[in-house]
**Q** 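Structure provided below as structure tokens; questions to follow.
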Amino acid sequence: MNGESSAGIDELELGNEADPRSFAQILVDNAIDRVFTEELASECWGRQLTVVLEVPNEQWSERAIARIAETVRAAAVSGGEIKGHLRPYTFRRKPSLQTRPTDDALAIEMLNAVGHGRSIIGVFSPSSAPLPLLTDRPDVHLETGRPSRSDIARAVQTATDQILDPDALPPLDGGDLDGLALAVRPRASAAETCSRLFALARPPIFDEDVPDLRDFAAFGEARAWGLTVLRAIERIKSGDPTAGMNDLPRGVLLVGPPGTGKTLFASALAKTLGINAILTSASEWLASGDSHLGAVVKAMRTSVEQARSRRPCILFIDECDSIVDRDLERGDSVSWWVNFVNAVLTAVDGAVRNRGVILIGACNNMSRVDPALRRSGRMERVIELGLPTECEREAILAHYLKGVIDPASVATLARRSEGRTGADLERAVREAKAAAADAERQILLRDLVEVLFPKSHAGESSRHVAAHEAGHAVTAVLLGVEVRQVDLRGFTRLTNSALQTREAIAKHLTVLMAGRAADEILCGTAVSGAGGSAQSDLGLATKLSSIGHAALGFGSTLRYRAAIDGAAALIETDPAFARLVERDLQAALRRARRLLLRHKNALKAVAVRLEAEHFLDGDQVAQLVRDNQGARSWII
Ligand code: ADP
């Protein structure tokens with residue numbers, strides 16, 4: 001057999017003694033034998049058949065013809081007799097762009113063979129020139145397909161005695177005979193072959209916006225987990241005999257609010273590992289086929305199967321809280337859920353047990369997820385993916401801005417954008433880029449400031465909002481309450497301080513009422529921004545004062561009247577209590593007014609700067625207060 005093949009790279013090295021065929025020939029032979037059986041070859045001797053056999057590409061054709069010829073020869077001899085007298089006519093169709101069937105010499109030869117009563121067996125590949133005479137209506141149409149990783153591992157063992165674990169191999173193009181033949185060398189060790197096959201496997205291509213975890217300082221603890229997986233995969237790729245797919249973590253459950261990058265993390269990990277990712281969602285499964293159990297389970301199994309067939313692969317299951325804890329279900333739907341969750345567990349176990357599938361689940365609410373999904377061997381680790389830290393926001397902005405804004409400005413934006421998710425930051429960069437593109441220029445810092453800190457108070461001018469927030473911020477600084485950020489979108493964040501003393505509560509009330517005081521001082525009248533909901537300044541101040549009086553003993557009596565959550569309700573039923581609270585709020589407003597009038601320059605300076613920049617951090621506010629304090633001491 002060896003002698004009949006073309007002198008390709010594979011033939012330069014000898015196979016093992018028991019089977020002298022080259023690895024590539026063995027791979028082809030096994031694939032051909034599966035479809036072109038001796039029975040079929042026998043029929044080609046007995047009856048006059050036309051057979052078309054399709055191989056993956058031209059690298060296969062000559063070896064395929066050689067194997068077919070061998071099978072045909074073997075089928076000719078039955079009981080020591082040569083069967084028939086007309087040898088089937090076999091040919092390989094070469095690629096050629098100009099061939100026309102009518103004047104093609106091969107077509108004429110083939111027709112002659114038909115005319116003489118011979119069977120025809122033609123080998124084609126997708127790049128072969130067409131020969132419609134045969135390919136349009138053959139009696140038998142066969143396809144070898146591409147060898148799987150198990151086929152490759154089996155051929156490696158036959159040719160070289162090296163034993164490879166098919167599950168530990170990367171997804172390989174089994175049609176690439178030359179590449180495979182160069183990677184599989186008889187005198188190499190199994191570990192060397194494994195590592196050459198990894199080098200041969202083309203990693204999947206990811207969008208450039210998908211970060212590589214190695215140089216992307218976000219995703220917190222999840223990133224550290226991902227880098228552990230990377231180290232395990234690198235050991236396998238390097239052919240380390242002590243490393244195996246068994247060492248890979250089985251899975252993780254990411255818990256966090258929407259937009260914190262749970263889905264992106266799965267793709268980023270796949271990109272970092274150079275493997276595939278199948279992204280699916282439990283609620284997508286549940287929406288299949290009108291929620292008919294059969295259809296839902298089928299959709300789920302299809303996703304799991306896709307991941308299995310691409311091993312090593314990440315299977316990302318979003319919205320795992322839709323795989324509801326079976327114990328939480330009641331009524332008619334119990335058996336439906338039990339069956340569904342059991343089917344998920346069985347499928348997931350099958351994928352994970354066969355190694356090479358890494359599970360990543362994501363949800364917002366872990367308490368709803370069926371606990372069985374979180375057991376060892378499944379999503380065995382739970383990691384919270386919360387809002388990004390300042391450093392992480394900087395990394396995220398830098399990733400999307402790709403160096404078009406200077407690092408110092410990126411750091412400032414990161415500092416100012418507390419509370420934003422990765423999705424918010426990505427959208428801001430996208431919108432700022434679009435605005436710059438509309439203006440036919442490069443993106444500038446102010447484009448980002450516009451979208452990240454928009455002046456968006458419906459019905460209120462930004463001047464009013466700036467005055468109001470400046471009132472809170474300046475008063476807080478004056479009273480020694482730490483300010484984290486002031487935002488023109490209408491909020492001032494303070495560092496949470498324990499309200500353990502009467503004075504702490506009084507200061508906090510003053511800061512809350514200072515927005516209204518600033519409205520009066522800078523705009524001439526109070527505006528509605530202080531009230532409107534339980535979370536408004538007035539709502540929060542009312543609640544705080546009520547708590548002081550009814551729950552904490554900071555009013556005129558020590559008597560405990562209500563728990564913290566129920567204190568404000570007393571206002572509805574107890575007019576005397578309502579008057580106490582009203583008196584506190586009025587006192588706090590007067591105190592804020594006094595403070596701000598004495599520091600009107602600072603108030604104005606902060607309001608003007610906030611209106612211009614949309615955002616100030618605590619240090620900036622403190623600096624402005626210091627710069628505008630005049631001769632007075634500003635800690636009261
Ligand atoms: P989740 O799955 O947690 O709801 P996604 O991964 O779908 O969040 O995030 C939506 C988009 O927001 C992502 O495609 C990405 O553009 C951006 N994003 C979210 N988090 C991050 C992050 N940590 N780093 C970079 N981009 C992020």
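Start at 1 and go down the list; that is how both ligands and their atoms are numbered.
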**Q** Should you measure from each heavy atom of Thr263, which atoms of ligand 1 turn up under 4.0 Å away?
**A**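 Listed by number with element: 2 (O), 6 (O), 7 (O).
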**Q** Look up atom CG in Leu413 and atom CZ in Arg393, then write down how far apart they are to the nearest 0.5 Å.
**A**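 If we round to the nearest 0.5 Å, Leu413:CG and Arg393:CZ are 10.5 Å apart.
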**Q** For atom 8 (O) of ligand 1, which of the options Ala266, Gly261, Pro388 provides the nearest non-hydrogen atom?
**A**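 Looking at heavy atoms only, Gly261 sits closest to atom 8 (O) of ligand 1.
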**Q** How are the rings of Trp285 and Phe340 set relative to one another: parallel (under 30°), tilted (30 to 60°) or perpendicular (over 60°)?
**A**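 Trp285 vs Phe340 ring planes: perpendicular.
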**Q** Quick check for you: to the nearest 0.5 Å, what is the distance between Gln485 atom CD and Asp617 atom CG?
**A**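 Answer rounded to 0.5 Å: 8.5 Å.
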**Q** Between Phe219 and ligand 1, which part of the residue brings a heavy atom under 4.0 Å of the ligand: side chain, backbone, both or neither?
**A**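 Only the side chain of Phe219 comes within reach of ligand 1.
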**Q** For Phe265 and ligand 1, answer yes if some heavy atom of the residue is under 4.0 Å from a ligand atom, otherwise no.
**A**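 No, Phe265 has no heavy atom closer than 4.0 Å to ligand 1.
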**Q** Applying a 4.0 Å heavy-atom criterion (strictly less than), which segment of Ile396 is in contact with ligand 1: side chain, backbone, both, or neither?
**A**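 Under 4.0 Å from ligand 1, Ile396 contributes side-chain atoms alone.
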**Q** Who gets closest to atom 13 (C) of ligand 1 by heavy atom: Val255, Leu264, Val210?
**A**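 The option holding the nearest heavy atom is Leu264.
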**Q** List ligand 1 atoms under 4.0 Å from Glu426, heavy atoms only on the residue side.
**A**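 Counting from 1, the qualifying ligand atoms are 16 (O), 17 (C).
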**Q** Using a 4.0 Å cut-off to any heavy atom of Pro258, which atoms of ligand 1 qualify?
**A**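 Near Pro258, meaning under 4.0 Å from one of its heavy atoms, ligand 1 has 4 (O).
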**Q** Heavy atom under 4.0 Å from ligand 1: found in Lys262's side chain, backbone, both, or neither?
**A**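 For Lys262, backbone and side-chain atoms both sit under 4.0 Å from ligand 1.
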**Q** Pair Asp619, Gln623 - check side chain to side chain donor-acceptor pair (under 3.5 Å), show working.
**A** CA-CA 6 Å; Asp619 291 343; Gln623 188 61 47; over 6 Å; no
**Q** Does the plane of the ring in His472 sit parallel, tilted or perpendicular to the ring in His468? Use 30° and 60° as the thresholds.
**A**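 Ring orientation, 0 to 90° scale: perpendicular.
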**Q** With rounding to the nearest 0.5 angstrom, report the CD1 to CG distance, Ile443 to Leu401.
**A**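 Spacing of CD1 (Ile443) from CG (Leu401) equals 5.5 Å.
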**Q** Which ligand 1 atoms, with their elements, are less than 4.0 angstrom from a heavy-atom of Tyr400?
**A**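 Listed by number with element: 15 (C), 16 (O), 17 (C), 25 (C), 26 (N), 27 (C).
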